[in-house]
Amino acid sequence: MTDASQLYLMTPAGAQAHALGPMLAEVMDRFAPSCLRIRGGGEEDELGRLADMAREIAHARDVAVVIDDHVKLALRHGLDGVHLNDGSRSIRYARKELGDDAIVGAFCGASRHEGMTAAELGADYVSFGPVGDSALYKNEVVDLELFQWWSEMIEVPVVAEGAITRDLIAQLSPISDFIALGPELWAQDDPITALSQLWG
């Protein structure tokens with residue numbers, strides 16, 4: 001656990017590769033995320049194009065790339081792993097398909113139990129969220145005490161995500177390994193300025 005969280009960047013849901021590429025490269029040059037996550041949704045062909053574009057941009061900057069849930073796309077497009085949105089349920093399958101060196105992350109909502117199960121099954125990181133109030137998430141808002149407990153008790157890295165604000169970043173930074181930002185940026189007219197205001 002570091003004293004300050006690292007940036008974990010998410011692409012916009014349903015992004016088009018040709019439109020996102022230049023902006024993604026600029027964001028990554030200016031803010032140096034530790035990981036890039038490709039959000040699910042959209043057609044297989046477009047997700048494939050997005051995966052190739054994201055891999056090329058991210059790997060040139062030594063940034064790992066994971067994709068939501070799609071183990072076969074991760075394999076086909078040379079990505080570093082997957083982010084599983086069903087908690088611990090698919091970890092064994094993903095690990096078997098992708099191998100020991102792949103990144104397998106698990107989103108566990110607000111469930112401490114689900115997070116502990118995912119960690120025991122070999123998840124490389126566990127993600128909890130939303131940490132802010134948002135209609136975009138069906139899960140209950142996570143009590144930040146969960147991150148405090150996790151950082152003290154569990155060695156597996158923890159990611160905070162969902163309706164992140166600058167105030168929440170200040171609270172989460174000492175108690176989470178990564179803070180995931182995506183919708184908070186891409187919904188704005190100028191994602192670079194939005195990220196500067198949040199992360200700067």
Colleague: Can you name the one residue among Arg76, Lys72, His70 that meets side chain to side chain donor-acceptor pair (under 3.5 Å) with Glu44?
Modeller: Arg76

Colleague: When clusters are formed by joining ILVMFWY residues with side-chain heavy atoms under 4.5 Å apart, either directly or through shared neighbours, do Phe31 and Leu24 land in the same one?
Modeller: yes

Colleague: Does atom CG of Asp101 have more than 12 heavy-atom neighbours, drawn from other residues, nucleotides or ligands, at distances under 6.0 Å?
Modeller: no

Colleague: Would you call Asp52-Arg49 a salt bridge at under 4.0 Å N-O?
Modeller: no

Colleague: If you apply the rule side-chain contact (heavy atoms from CB on, under 4.5 Å), what do you find for Ile38 with Asp68, and how did you get there?
Modeller: CA-CA 6 Å; Ile38 300 168; Asp68 274 359; over 6 Å; no

Colleague: Of the non-hydrogen atoms in Ala118 and Val126, which two are nearest, and what is the gap between them?
Modeller: CB-CG2, 4.0 Å

Colleague: Once rounded to the nearest 0.5 Å, what's the spacing between atom CD of Glu26 and atom CD1 of Ile57?
Modeller: 11.5 Å

Colleague: Specify the closest pair of heavy atoms between Trp150 and Gly115, including all atoms of both residues, with the distance to one decimal.
Modeller: CH2-O, 3.3 Å

Colleague: Calculate, to the nearest 0.5 Å, the distance between atoms CZ and OG belonging to Arg30 and Ser196 respectively.
Modeller: 5.0 Å

Colleague: Can you confirm whether more than 12 heavy atoms, excluding those of Arg92, are under 6.0 Å from its CZ atom?
Modeller: no

Colleague: For a 4.5 angstrom cut-off between non-hydrogen side-chain atoms, does Glu161 reach Pro130?
Modeller: no

Colleague: Hey, does Ile103 have a side-chain heavy atom less than 4.5 Å from the side chain of Val82?
Modeller: no

Colleague: Say you draw a straight line from NE2 of His59 to CG of Leu79; how long is it, rounded to the nearest 0.5 Å?
Modeller: 7.0 Å

Colleague: Checking Arg112 against Trp149: charged group under 6.0 Å from the ring centre and within 45 degrees of the axis?
Modeller: yes

Colleague: How close do Val158 and Ser176 get, heavy atom to heavy atom, and via which atoms?
Modeller: CG1-CA, 3.8 Å

Colleague: Kindly say whether Ser88 contributes a backbone atom to a donor-acceptor pair with the side chain of Glu114 at under 3.5 angstrom?
Modeller: yes

Colleague: If we only count heavy atoms from C-beta on, is the Asp177 to Gln6 side-chain gap below 4.5 Å?
Modeller: no

Colleague: Can we say Arg95 and Asp124 salt-bridge, meaning some charged N sits less than 4.0 Å from an Asp/Glu carboxylate O?
Modeller: yes

Colleague: For atom CD of Glu43, decide whether the heavy atoms of other residues, nucleotides or ligands shown that lie under 6.0 angstrom number more than 12.
Modeller: no

Colleague: Does Phe178 belong to the same Ile/Leu/Val/Met/Phe/Trp/Tyr cluster as Val66, with side-chain heavy atoms less than 4.5 Å apart forming each link?
Modeller: yes

Colleague: Are Leu121 and Val104 close enough that some pair of their side-chain heavy atoms sits under 4.5 Å apart?
Modeller: no

Colleague: Can you give me the closest heavy-atom contact between Tyr125 and Val156, atom names plus distance?
Modeller: CA-CG1, 3.7 Å

Colleague: Assess the residue pair Leu20 and Gln16 against the criterion (side-chain contact (heavy atoms from CB on, under 4.5 Å)); give the C-alpha distance rounded to whole Å, side-chain angles, the decisive distance to 0.1 Å, and a yes or no.
Modeller: CA-CA 6 Å; Leu20 181 62; Gln16 302 278 306; over 6 Å; no

Colleague: Linking I/L/V/M/F/W/Y whenever any side-chain heavy atoms sit under 4.5 Å apart, do Ile175 and Ile164 land together?
Modeller: yes

Colleague: Compare all side-chain heavy atoms of Phe128 with those of Val159 and state whether any distance is below 4.5 angstrom.
Modeller: no

Colleague: If you look at every heavy atom in Leu9 and Pro33, which pair is closest and at what distance?
Modeller: CB-CB, 4.0 Å

Colleague: Taking the side chain as everything from C-beta on, heavy atoms only, tell me whether Leu168 gets closer than 4.5 Å to Leu144.
Modeller: yes

Colleague: At their closest point, which heavy atom of Asp80 faces which heavy atom of Val63, and how far apart are they?
Modeller: OD2-O, 4.3 Å

Colleague: Parallel, tilted or perpendicular for His83 and Phe107, by the 30°/60° rule?
Modeller: tilted

Colleague: Is a donor on one side and an acceptor on the other found under 3.5 Å between the side chain of Gln148 and the backbone of Leu146?
Modeller: no

Colleague: Rounded to the nearest 0.5 Å, what separates atom CZ in Arg39 from atom CD1 in Ile67?
Modeller: 12.0 Å

Colleague: Do other residues, nucleotides or ligands put more than 12 heavy atoms under 6.0 Å from the CE atom of Met23?
Modeller: yes

Colleague: Between CG of Asp86 and CD1 of Ile91, what distance do you get to the nearest 0.5 Å?
Modeller: 8.0 Å

Colleague: Hey, are the side chains of Ile179 and Leu7 touching, using non-hydrogen atoms and a 4.5 Å cut-off?
Modeller: no

Colleague: Do Gln188 and Thr193 pass the side-chain contact (heavy atoms from CB on, under 4.5 Å) test, and can you show the C-alpha distance, the side-chain angles, and the key distance before you say yes or no?
Modeller: CA-CA 9 Å; Gln188 307 303 315; Thr193 298; over 6 Å; no

Colleague: Count I, L, V, M, F, W, Y as connected when their side-chain heavy atoms are under 4.5 Å apart, and connections chain through other members. Are Met10 and Ile169 then in the same cluster?
Modeller: no

Colleague: According to a hydrophobic-cluster definition based on side-chain heavy atoms being under 4.5 Å apart (Ile, Leu, Val, Met, Phe, Trp, Tyr only), do Tyr8 and Val65 belong together?
Modeller: no

Colleague: Any side-chain heavy-atom pair from Gln197 and Arg166 closer than 4.5 angstrom?
Modeller: no

